[in-house]
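This report refers to the structure that appears directly beneath it.
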Amino acid sequence: MRSNSSDSSATAEKLDFVRQIVAGDVAVGKNDGRVHTRFPPEPNGYLHIGHAKSICLNFGIASEYPRGLCNLRFDDTNPSREEMEYVESIKEDVKWLGWDWEDRLYFASDYFEQLFEYAVQLIRQGAAYVCDLTAEETRAYRGTLTEPGRESPWRNRSAEENLDLFQRMRNGEFADGSRTLRARIDMASPNLNLRDPVIYRIMRASHHRTGDAWCIYPMYDFTHGLCDSIEGITHSICTLEFEHHRPLYDWFLEQLGVFHPQQIEFARLNLTYTVMSKRKLLQLVRERLVDGWSDPRMPTLCGLRRRGCTPRAIRSFCGRIGVTKYNSMTDITLFEHALREDLNQCAPRVMGVLRPLKLVIENYPEEQEEELTAINNPEDEAMGTRQLPFCRELYIERDDFLEDAPKKFFRLSPGREVRLRYAYLVTCTAVVKDQAGEVVEVRCKYDPESRGGNAPDGRRVKGTIHWVSARHAATAEVRLYDRLFKCEDPDRTEPGRDFRDNLNPNSLEVLRECRLEPGLREAKAGTTYQFERLGYFCLDSEDAAPDRLVFNRTVGLRDSWAKIANKR
RNA sequence: UACCCCAUGGUGUAAUGGUAGCACAACAGGUUUUGGUCCUGUUAGUCUUGGUUCGAAUCCAGGUGGGGUAGCCA
């Protein structure tokens with residue numbers, strides 16, 4: 001197993017508890033020293049950042065051992081809610097994250113025949129029986145959290161009768177839901193999972209892979225461990241809610257005497273200012289509270305991708321959050337940090353003006369144009385330079401001009417001098433206002449000796465602002481995304497309200513008259529750019545067209561001026 | 001009011017019987033042609049009560065708090 005990057009998360013010294021278990025097993029030669037994990041999604045929804053944690057754990061651990069392997073296996077035992085569309089999107093997302101299952105793509109449905117044989121074996125051993133109770137009756141017989149259950153009247157059928165009935169279930173002789181195959185364990189167990197759990201149900205639903213070949217489908221608990229066993233999985237890593245299922249996981253493997261992988265549970269990822277449950281994400285999509293699964297505000301991998309997040313940043317994040325059994329809430333700022341850290345390293349720098357304010361250089365000749373050299377990435381000299389057109393009329397950011405500026409405001413203001421990045425020093429000489437008193441134009445004079453931005457006499461100019469040539473600029477729509485929810489824990493609500501009441505009404509701001517440096521007309525999809533002094537942006541993969549520039553803000557730059565300004 | 005799991009600065013995580021460390025966040029300063037990056041510093045923690053021990057975040061017992069479990073879902 002290989003990651004196609006070198007940033008594998010685990011360091012040699014500090015292993016999380018899962019990696020410690022794996023390392024300990026390898027050290028004592030358990031499983032002949034093999035390390036084999038799997039990522040087992042159900043194809044009934046889109047992957048999100050929480051899945052990325054699991055993916056990076058499973059594929060990551062495998063990648064840390066010379067002969068380590070990780071399978072991609074779809075847990076497709078419930079045809080009523082699974083679809084091929086999800087299979088494809090999940091494969092795409094895992095690949096995008098940078099992991100490779102090589103030739104080990106599996107489906108639980110690949111094993112249906114073998115699973116059936118295992119069930120037959122259990123019946124022969126007296127460890128499973130066909131039960132005629134209805135769903136409601138089964139529930140009633142199960143008991144409650146505080147009271148033991150009662151044994152089904154069908155619990156003591158002979159193996160012969162059970163075998164016959166189970167075969168006839170498969171043959172389609174019985175109605176949906178009329179019978180089940182159940183494990184014969186202990187109706188009084190304090191662990192409800194052990195109260196004779198259902199292992200096969202009758203369900204006439206067309207399966208996305210097996211079609212109508214089956215009308216009985218195995219349940220998760222029975223299927224999962226046996227699939228792990230068949231594939232020779234050594235460490236079956238899953239989330240905490242399966243902890244109570246482990247005794248059952250072990251029970252099936254012991255009853256059948258097959259290879260016994262070890263199930264290890266860890267805490268799933270929770271992030272502030274978002275929700276992670278499939279149900280809630282689906283609700284946001286269905287109720288059109290977001291623009292589909294790939295809405296850049298969604299924590300889905302397709303949403304993060306569309307937003308401009310890099311797989312490297314996501315992997316780096318997954319490497320820092322740790323793996324424990326503690327039910328934590330990770331601060332979204334840690335993700336934003338990982339994102340900025342990666343983007344700072346790789347994002348090409350460009351200039352773009354989001355809220356344009358015209359700036360006219362009065363002493364710059366009307367017809368004159370020139371090209372100025374700009375650095376593409378100060379963090380990476382190999383990325384080279386580019387030429388920027390410059391002329392008499394420019395656009396600057398509205399926020400970079402203030403008529404009555406406080407002392408600590410280092411930008412443009414009447415009488416003050418600033419540097420136009422990579423261009424010239426300019427001094428504001430006048431402003432033009434409309435009838436409403438709004439500043440609509442700034443007038444300046446420039447110092448012709450300061451080409452490139454350096455003062456000939458060495459005078460200090462504190463402020464540097466970005467700009468674009470009015471004559472050459474490309475017009476674009478820019479979508480400023482913010483956190484989807486307005487509070488850290490959207491699920492924490494007053495009675496009678498739910499997470500939807502905590503949606504951030506300002507999570508999207510659309511700016512339609514942005515002006516970008518001309519080179520951005522050829523912006524590449526899949527590249528995230530840094531708009532200098534503003535943040536990271538990428539071309540929208542769904543709404544941009546050759547004649548229509550649409551950019552999404554991935555994340556803003558840290559903004560210490562905003563902090564100062566907010567304090568005032 | 002059953003059973004299971006968990007508890008270290010604001011957040012996330014190390015320390016596996018021997019100096020409580022790292023990252024994020026926050027705050028302060030330095031460098032800077034991005035108020036970015038980078039660098040330096042500051043604030044701040046072992047849930048509680050007992051016990052074992054020369055020594056406890058770590059082991060034991062009780063308490064408190066949080067999470068999970070009653071699908072023919074996964």
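All values derive from a computational prediction rather than experimental measurement.
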Base of B/U34 paired with side chain of A/Arg349 (donor-acceptor, under 3.5 Å): yes
Atom pair distance, as rounded to whole Å: NE2 in A/His337 and C1' in B/U37: 12 Å
Donor-acceptor contact below 3.5 Å, side chain A/Asp176 vs main chain A/Arg204: yes
Modelled atom types, side-chain donor and acceptor of A/Asn171 and A/Gln167, under 3.5 Å: yes
Geometric class of the A/Tyr106/A/Tyr111 ring pair [parallel <30°, tilted 30-60°, perpendicular >60°]: tilted
Same-atom distance (P) from B/C38 to B/G45, integer angstrom: 27 Å
Rounded distance in Å - CD1 (A/Ile465) to C1' (B/G36): 16 Å
OP1 or OP2 of B/U13 under 4.0 Å from side-chain N/O of A/Thr324: yes
Whole-Å gap separating C1' (B/C27) and CG (A/Asn566): 16 Å
No-hydrogen, no-angle side-chain donor-acceptor test under 3.5 Å, A/Thr373 and A/Gln387: yes
Mutual orientation of the aromatic rings belonging to A/Phe390 and A/Tyr424 [parallel < 30°, tilted 30-60°, perpendicular > 60°]: tilted
Modelled atom types, side-chain donor and acceptor of A/His224 and A/Arg38, under 3.5 Å: yes
B/S/- contact track for nucleotides 66-74 of chain B, protein heavy atom under 4.0 Å: -SBBBSBBB
5' precedence on RNA chain B between A/Asp331 and A/Asn377 (nearest-nucleotide basis): A/Asp331
Secondary-structure stems for RNA chain B, with pairs counted as Watson-Crick or G-U when both distances are under 3.5 Å and runs at least 3 long: B:2-7 with B:64-69, B:10-13 with B:21-24, B:26-30 with B:38-42, B:47-51 with B:59-63
No-hydrogen, no-angle side-chain donor-acceptor test under 3.5 Å, A/Asn193 and A/His244: no
Any A/Leu192 side-chain heavy atom under 4.5 Å of A/Arg195 side chain: yes
Distance under 6.0 Å and angle within 45° of ring axis: A/Arg170 vs A/Trp214: yes
Separation of B/A15 C1' from A/Tyr326 OH (nearest whole Å): 18 Å
Donor/acceptor link under 3.5 angstrom from A/Arg320 side chain onto base of B/G12: no
Rounded distance in Å - CG (A/Leu334) to P (B/A25): 8 Å
Distance between P atoms of B/G17 and B/U58 (Å, rounded): 12 Å
A/Gln20 side chain near B/A15 phosphate (N/O to OP1/OP2, under 4.0 Å): yes
Short side-chain N/O contact from A/Ser328 to OP1 or OP2 of B/U13, under 4.0 Å: yes
